[in-house]
Amino acid sequence: QVQLVESGGGLVQAGGSLRLSCAASGSIFSIFNMDWFDMGWYRQAPGKQRELVATITGGGSTNYANSVQGRFTISRDNAKNTVYLQMNSLKPEDTAVYFCNVKGGRAAIRLYDYWGQGTQVTVSS
């Protein structure tokens, strides 16, 4: 029904860059305009809780974790139901499984909350 397909993860050396993509599909995104949904990226490292990396609202407002601010950029293409995360100046501390999230950003659909399967990002020192 609803699927979030992530791509772009992999192994990179410290200081390198990766761009993650997440394409959302499902009838819910046809019933409601895509700008009704907030989109974001979260990550989970071994032994750690899942944490917010970056979010972008339907109106284009962004929010970043302090640890990635200035290095990562989140963007979206509503026509493609896709959210991106450009990651520059990667550090070993960025190593984690990165999860795409799409959730209702309006009260009427606030209970819609979808997650991707996760994509591994490994940064070597």
Pairs meeting criterion disulfide (SG to SG under 2.5 Å) with involvement of residues 13-118, two or more places apart: Cys22-Cys100
Heavy-atom closest pair, residues Val102 and Phe29: CG1-CE2, 3.8 Å
Ala65: partners by side chain to side chain contact (heavy atoms under 4.5 Å, CB included), with sequence neighbours left out: Ser67, Val68
Minimum heavy-atom distance between Gln117 and Leu4, given as atom pair plus value: OE1-O, 3.2 Å
Arg43 side-chain N/O to Glu51 backbone N/O, donor-acceptor pair under 3.5 Å: no
Separation of Glu6 CD from Ser21 OG (nearest 0.5 Å): 10.0 Å
Distance (rounded to the nearest 0.5 Å) between Asn81 CG and Ile28 CD1: 11.5 Å
Minimum heavy-atom distance between Ile74 and Met39, given as atom pair plus value: CD1-O, 4.0 Å
Main-chain N/O of Asp35 paired to Asn33 side chain as donor or acceptor, under 3.5 Å: no
Non-hydrogen atoms of Thr95 and Val123 that approach each other most closely: OG1-N, 2.9 Å
Ala96 to Ala45 - nearest heavy-atom pair and separation: CB-N, 3.9 Å
Arg50: partners by side chain to side chain contact (heavy atoms under 4.5 Å, CB included), with sequence neighbours left out: Tyr42, Gln44, Phe99, Trp115
Tyr112 atom OH, neighbour heavy-atom count above 12 within 6.0 Å: no
Distance-only polar pair, side chains of Ser17 and Asn88, donor-acceptor under 3.5 Å: yes
Separation of Arg106 CZ from Thr57 OG1 (nearest 0.5 Å): 7.5 Å
Stepwise side chain to side chain contact (heavy atoms under 4.5 Å, CB included) check, Asp38 with Thr55: CA-CA 7 Å; Asp38 298 336; Thr55 59; over 6 Å; no
Test side chain to side chain contact (heavy atoms under 4.5 Å, CB included) applied to Ser25 - qualifying residues, sequence neighbours left out: Gln3
Pairwise distance CE(Met87) to CG(Leu18) - rounded to 0.5 angstrom: 4.5 Å
Asn101 side-chain N/O to Tyr114 backbone N/O, donor-acceptor pair under 3.5 Å: yes
Selection residues 29-76 - residue pairs positive for disulfide (SG to SG under 2.5 Å), sequence neighbours left out: none
OH-CG distance between Tyr64 and Leu52, expressed to the nearest 0.5 angstrom: 11.0 Å
hydrophobic_cluster_shared for Val83 and Val2, side chain cutoff 4.5 Å: yes
Minimum side-chain heavy-atom gap Tyr98-Leu85 below 4.5 Å: yes
Worked verdict on Lys91 versus Arg71 for side chain to side chain contact (heavy atoms under 4.5 Å, CB included): CA-CA 10 Å; Lys91 304 175 180 180; Arg71 300 187 296 121; 3.8 Å; yes
Atom pair CE (Met34) and OG1 (Thr82), whose distance is rounded to the nearest 0.5 Å: 8.0 Å
Single hit among Trp41, Phe72, Tyr84 for side-chain contact (heavy atoms from CB on, under 4.5 Å) with Leu20: Trp41
Pairs flagged by disulfide (SG to SG under 2.5 Å) wherever residues 23-74 is involved - sequence neighbours left out: none
